[in-house]
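Data block below; observations after.
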Protein chains: 2
Amino acid sequence: MTAEAKPAPSQLTERQEARRRRILHASAQLASRGGFDAVQMREVAENSGVALGTLYRYFPSKVHLLVATMQDQLQQMHETLRKRPPTEAEPATRVAQTLMRAFRALQREPQLADAMVRALTFADRSVSPEVDTVSRLTTAIILDAMGLSDPPTGEQLSAVRVIEHTWHSALITWLSGRASIAQVKIDIETVCRLIDLTAPRD
Amino acid sequence: MTAEAKPAPSQLTERQEARRRRILHASAQLASRGGFDAVQMREVAENSGVALGTLYRYFPSKVHLLVATMQDQLQQMHETLRKRPPTEAEPATRVAQTLMRAFRALQREPQLADAMVRALTFADRSVSPEVDTVSRLTTAIILDAMGLSDPPTGEQLSAVRVIEHTWHSALITWLSGRASIAQVKIDIETVCRLIDLTAPRD
DNA sequence: CGTTAGCCTGGAACGAGTTTCAGTGACTCG
DNA sequence: CGAGTCACTGAAACTCGTTCCAGGCTAACG
């Protein structure tokens with residue numbers, strides 16, 4: 001056994017880390033162009049200068065790849081949001097504002113958003129850990145936006161989960177052209193009211 | 001032009017209607033066994049005694065087929081629920097009760113649920129009309145459960161949309177093993193609180 | 001410096017969704 | 001009855017995700 005175990009995705013050669021980044025970059029680029037369908041494994045492999053087999057060693061399926069891409073993008077968004085926190089006073093409004101900001105970012109790359117969100121909801125059990133990571137990231141973003149002074153109560157966590165549900169599903173309806181941007185805004189604002197409802201009383 | 005136009009899905013020969021039903025039945029049966037992946041177009045065609053090309057004439061893609069299957073199942077559920085309306089007094093509780101009842105029905109056929117829900121969220125723009133039908137059915141079920149005496153206000157419709165979002169997304173997290181049944185219950189009860197919040201004041 | 005293990009490459013091969021088409025059958029109109 | 005039309009059949013073909021394999025490269029170890 002070598003000194004370094006490899007279960008964690010962190011323990012990678014520099015070359016390997018570079019490969020991984022190239023793959024994610026190619027994935028995002030193709031997705032930006034044509035959405036989910038345009039991310040073709042052969043093409044991702046070619047564009048990132050890697051053999052098909054290698055691509056599959058890094059990401060065991062197209063869905064894994066796209067979920068990882070989403071993880072990557074979310075991470076960046078989290079950074080950005082951290083730098084410019086929401087300006088509103090009320091937690092509910094802050095969360096709504098933050099989510100709408102994120103939503104506008106997605107609007108700029110609708111095809112990429114399509115690919116990532118479709119992958120996320122299409123993911124089966126084999127991708128659960130990765131999807132869970134995305135979910136935790138989203139939760140973190142929302143909790144940040146709430147700006148709580150105390151750790152969240154169970155009730156508040158429930159509210160946050162429901163907000164996440166709404167966020168994902170609203171995104172889908174928008175991406176599939178069944179809801180307008182205004183509609184999404186209303187839905188988000190509506191669900192954010194749950195935050196007031198679950199605020200500790202005293 | 002023949003007397004019967006064919007744009008509506010209603011205008012079908014008896015033989016055609018029968019074929020359609022056979023196809024939907026085969027689809028649901030295969031889905032019940034092995035979920036989304038087990039619904040293989042060739043097999044659906046064979047099991048319903050129809051050529052592959054014909055299957056594709058009736059349902060232009062696997063997703064279309066499964067969304068139609070869901071439509072079918074939802075319709076049945078709507079009937080059932082109509083016969084035994086929720087017993088609770090409060091609208092919010094009635095809705096939660098109804099959704100949990102539907103949820104338990106899905107638990108009995110988890111694989112079928114998996115196939116239908118995955119198809120629903122994976123559907124792209126080309127399936128929008130069909131997905132929309134499913135959405136309207138769901139809305140109808142929820143509104144029924146609310147048992148309003150007056151037509152719903154805009155605010156209430158927003159709340160219903162958010163409930164639907166939560167319902168779909170919670171279902172997905174449960175199907176992919178990332179949330180327990182108890183978790184789903186809590187989420188549904190949480191989001192149903194929005195109903196109280198949006199009830200007309202006087 | 002040679003050896004060995006592990007990763008990577010190129011490419012073939014397989015499976016399932018989707019498309020296509022020539023031929024067949026049934027029904028309608030003349 | 002004959003011709004035309006349209007849906008259905010059977011089967012081949014195409015695409016793209018995924019799997020597999022044989023050989024080459026790298027890097028640490030002896």
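Each chain gets a letter, A, B and so on, in the order its sequence line appears, and its residues count up from 1.
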Exercise for the section: Decide yes or no, distance alone: a donor-acceptor N/O pair under 3.5 angstrom between the base of C:dT18 and the side-chain of B:Arg42. Expected result: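 Flag set: donor-acceptor pair detected.
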Nearest to the [X] side chain among [options], which nucleotide is it?
X	options	value
A:Gln40	D:dA13, D:dG17, C:dC8	D:dG17
B:Met41	C:dG10, C:dG17, C:dA12	C:dG17
A:Gln16	C:dC8, D:dT19, C:dT18	C:dC8
B:Arg19	C:dA16, D:dT9, D:dT18	D:dT9

Practice task
Indicate whether any N or O donor in one side chain lies under 3.5 Å from an N or O acceptor in the other, for A:Thr13 and A:Gln16.
Solution key: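 Indeed, the side chains of A:Thr13 and A:Gln16 share at least one donor-acceptor pair under 3.5 Å.
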Practice task
Ignoring hydrogens and angles, state whether a donor on the side chain of B:Asn47 or B:His25 is under 3.5 Å from an acceptor on the partner side chain.
Solution key: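 Not at all, the side chains of B:Asn47 and B:His25 share no donor-acceptor pair under 3.5 Å.
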Whole angstrom value for the distance that separates [atom2] of [N] from [atom1] of [X]:
X	N	atom1	atom2	result
A:Leu52	C:dG10	CG	C1'	10 Å
B:Leu55	C:dT19	CG	P	11 Å
B:Lys62	D:dT15	NZ	P	21 Å
A:Leu30	D:dC16	CG	C1'	14 Å
B:Arg15	D:dT9	CZ	P	9 Å

Handout entry: N or O in side chain of A:Tyr58 less than 4.0 angstrom from C:dC7 OP1/OP2
Key =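 No, A:Tyr58 has no side-chain N/O under 4.0 Å of OP1/OP2 on C:dC7.
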Exercise for the section: By nearest nucleotide on DNA chain C, pick out whichever of B:Gly53 and B:Phe36 is the more 5' one. Expected result: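 It is B:Phe36 whose nearest nucleotide is closer to the 5' end.
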Exercise for the section: May I ask you to say what A:Val39 touches in the nucleic acid, namely base, sugar-phosphate or nothing, with a heavy-atom cut-off under 4.0 Å? Expected result: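 Result for A:Val39 = sugar-phosphate.
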